[in-house]
Trainee: 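The structure that follows is given in the form of structure tokens.
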Amino acid sequence: MDRPLRLVQAAPPVTQLARVIEALLVVASQPLSVEELAAAAADDAARVEEALQLVAARFAEGESGIVLEHVAGGYAFRASRDAAEACGRLFERPVERGLSQAALETLAIVAYLGPCSRPDIARVRGVAADSVVANLVERGLLAEAGRSDDAGAIEYRTTPLFERIFGLGSLAELPRLDDLGGDAAEIRKRLEQIAASRGA
Amino acid sequence: MDRPLRLVQAAPPVTQLARVIEALLVVASQPLSVEELAAAAADDAARVEEALQLVAARFAEGESGIVLEHVAGGYAFRASRDAAEACGRLFERPVERGLSQAALETLAIVAYLGPCSRPDIARVRGVAADSVVANLVERGLLAEAGRSDDAGAIEYRTTPLFERIFGLGSLAELPRLDDLGGDAAEIRKRLEQIAASRGA
Amino acid sequence: MLAREFVLDLDAFEGPFDLLLSLVLRDELELVDIDLVEVVVAFVERLAERDEIDLEDCGEFLVLISSLLELKARGLFPDEADELAELEPEEAAEELARRLAEYRRMKAAAAWLTDRLAAEGDRFFRLGPAPLAPRPERKLAPQAPALLAEALRALAIPPKAVSLRHMELRFPPVSQFLDRFRSVLARRRRFDFDTEVAGLPRVDQAVAFLALLELRKAGEVELEQGAPFAPIRVSRLDLSLEDDAAATAPAAVAAQEGTTWTARSA
């Protein structure tokens, strides 16, 4: 009874906490607040603030290519200013020459067959269209066009950017496909049947 | 006239190039190859390799919370392994470990046999591959790679994310197939033994 | 009965084998989604838990699982029936061995990936863009509208039948042999299985044997074998026939009880 039991483990040094914070920040896709960092590190906010000072010193402008930045939502890493030119080159994408087969098929379906939902496109292609459609929406080549009457699925249409890139005054200028069917409904039906016969 | 004009600017020191590389890697969304780094930094590949050594030394496991790794054909930062627990509290693992047996076999088939269609996979596994392939595409581990020449079926390949999650520098780091599993001649012999023991 | 009641825990199905069968027969479950190897493994595991092996159970299971395999093979490779006959037994054995080796290698590769995933599970990295990275703008060169028409026309080309004959096994339906044996038994009271199937390819012989087990299960025939690998004698079970009553009676009783396995295979 003379000596009290030591139940509390000594906290790890702040340098170690600083490393954990570096790790968290390099994985994060958004700035992290002191509270978020403390919760993840299972440590207290005051010590996190202390550790952040160490991180800030290690990752300071002029010292390092990685720089710790305090922004509205918390802390995040950014590229140093003297690497701005190199970063500009990295993110400046070369003009893409062409589209993937999946993208081309999807655009052709929507352009020729009229507004289509993702299940519609999947039926014609014979494979799920979710990621291709998301990608084309992000690139501004497809846009949402309300919900279909029956199933309530979101339908997509081609955009003015699509027409510009394909050099079309309007969708009416698309090359004719009379060999495939009289109208869009007929073509769609035919393609769906072939996709089904193609199987898995 | 005594002193020649200095027209050639001395290349900046490699330490400076190392900082630029750090900056590029901290903002990049994917691993960057030496060529990509060299193009962005407007420097030559040999010097980039040299600078990467400096970056690797600064961001080594055990030394830093941020670690440089060679993965999926390029270089990328990740969190140090000793921060895994903290990371696990804040982030989801890129792919939860619960990949099903079916998913792992499908990944193995595509990784080893190269672009494969769903029927190709079904033929090897003896089970329809549709739902498992759709799931792996959704998780970003497989991606479409065009249509096959003969049957027009969509073919799939593994993604850089697959290599990253499995910690592979490239697909070439997979163990040789010859070293895995059975050999056809040996299996054939066993089949013959079984057939012979049944009597004719 | 073990063969029908043992419980399965598969990716696509959880429950007794019996239920799996009825769901498949009612088209409520896609056979192509079921890993039949798992079913066999589960059955063998249950079997191993028992002290003695019940041949009745094994026979029934064999018939059921082979029927499922046949259905599944046809489901996976629907258009191959005509090409199947072309494969020589020698080639078939070669091909089977090749495919089993390939599948085993893929299983091993999957096991390697599993270990790898466990070892690399503590590597965290960022997915998606960095918080303070510039947003790249993707620019696309002008495209020819003809590409769109081509893409749609390509989708309208009916798929060529893929030749799978290099990897198929000849696999006649069990029903073919059921019909054949029944018609033989309509003419003759007994026949010798080995003589009846002599000259057939081995796979056919195997399917014929399954048909035999099916007939035995239905109580239509009695099977006898004097010693291991001795010829199997097949006798019609039919009480209405008066002749040779002494030989028929005990077999008929066995069929009614439905429990005794009369093939004396030592």
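Reminder, nothing fancy here: chain letters follow the sequence lines and each chain counts from 1.
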Trainee: Given the rule in the side-chain contact (heavy atoms from CB on, under 4.5 Å) test, do Arg118(A) and Val132(A) qualify, once you have shown the distances and angles that lead to the verdict?
Mentor: CA-CA 9 Å; Arg118(A) 284 181 287 184; Val132(A) 188; over 6 Å; no

Trainee: If you count heavy-atom pairs under 4.5 Å with chain A, which of Gly146(B), Ala41(B), Ala145(B), Ala79(B) comes out on top?
Mentor: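 Answer, by heavy-atom pair count under 4.5 Å with chain A: Ala79(B).
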
Trainee: With a 4.5 angstrom heavy-atom cut-off, could you sort out which part of Arg58(B) is near chain A: side chain, backbone, both or neither?
Mentor: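 Arg58(B) touches chain A through backbone and side-chain heavy atoms alike.
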
Trainee: Taking atom CD as the centre, does Glu61(A) end up with more than 12 heavy-atom neighbours from other residues, nucleotides or ligands that are less than 6.0 angstrom away?
Mentor: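 More than 12 heavy atoms, drawn from other residues, nucleotides or ligands, come within 6.0 Å of this atom.
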
Trainee: Checking heavy atoms, do the side chain of Ile154(B), its backbone, both or neither come under 4.5 Å from chain A?
Mentor: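 Contact with chain A: side chain only.
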
Trainee: Which of the residues Val20(B), Val27(B), Val55(B) is involved in the greatest number of heavy-atom pairs with chain A at under 4.5 angstrom?
Mentor: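 Max contact count across the listed options: Val27(B).
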
Trainee: About how many Å separate CZ of Phe91(A) and CG of Leu24(B), when rounded to the nearest 0.5 Å?
Mentor: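 Rounded to the nearest 0.5 Å, the CG-CZ separation comes out at 8.5 Å.
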
Trainee: Identify which part of Arg89(B) has an atom lying under 4.5 Å from any heavy atom of chain A, answering side chain, backbone, both or neither.
Mentor: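 The side chain, not the backbone.
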
Trainee: Given a strict heavy-atom distance threshold of 4.5 Å, which part of Glu63(A) is in contact with chain B: side chain, backbone, both, or neither?
Mentor: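 The backbone, not the side chain.
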
Trainee: Tell me, for Arg125(A) versus chain B, whether the close heavy atoms (under 4.5 Å) come from the side chain, the backbone, both or neither.
Mentor: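 Looking at Arg125(A), backbone and side chain both touch chain B.
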
Trainee: Considering only heavy atoms, which portion of Val127(A) lies under 4.5 Å from any heavy atom of chain B: side chain, backbone, both, or neither?
Mentor: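 It is both, since atoms from each part get that close.
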
Trainee: To the nearest 0.5 Å, what is the distance between CD1 on Ile109(A) and CZ on Arg188(A)?
Mentor: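 So the gap between those two atoms works out to 9.5 Å.
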
Trainee: Among Cys87(A), Ala83(A), Ala128(A), Ala40(A), which has the most heavy-atom pairs under 4.5 Å with chain B?
Mentor: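 Sorted descending by pairs with chain B, the first entry is Ala40(A).
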
Trainee: Using the rule given for side-chain hydrogen bond (donor to acceptor under 3.5 Å, both in side chains), can you reason through Glu36(B) versus Ser33(B), listing the C-alpha separation, both sets of side-chain angles and the distance that settles it, and then say yes or no?
Mentor: CA-CA 5 Å; Glu36(B) 288 168 317; Ser33(B) 67; 3.3 Å; yes

Trainee: Go through the steps for Glu49(A) and Gln53(A) under the test side-chain hydrogen bond (donor to acceptor under 3.5 Å, both in side chains), then give the verdict.
Mentor: CA-CA 7 Å; Glu49(A) 303 249 22; Gln53(A) 307 261 336; over 6 Å; no

Trainee: Please flag which part of Leu25(B) lies under 4.5 Å from any non-hydrogen atom of chain A: side chain, backbone, both or neither.
Mentor: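 Neither the backbone nor the side chain of Leu25(B) comes within 4.5 Å of chain A.
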
Trainee: Look up atom CD in Glu85(A) and atom CG in Asp82(A), then write down how far apart they are to the nearest 0.5 Å.
Mentor: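 Rounded to the nearest 0.5 Å, the CD-CG separation comes out at 10.5 Å.
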
Trainee: Need one label for Ala18(A): side chain, backbone, both or neither, based on atoms under 4.5 Å from any heavy atom in chain B.
Mentor: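 Neither part, no heavy atoms under 4.5 Å.
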
Trainee: Output the option from Ala84(B), Gly88(B), Ser64(B), Ala42(B) having the highest count of non-hydrogen pairs under 4.5 Å with chain A.
Mentor: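 Ranked by contacts with chain A, first place is Ser64(B).
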
Trainee: What's the shortest heavy-atom distance between Ser170(B) and Glu163(B), and which atoms?
Mentor: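 Result for this residue pair: CA-OE1, 3.4 Å.
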
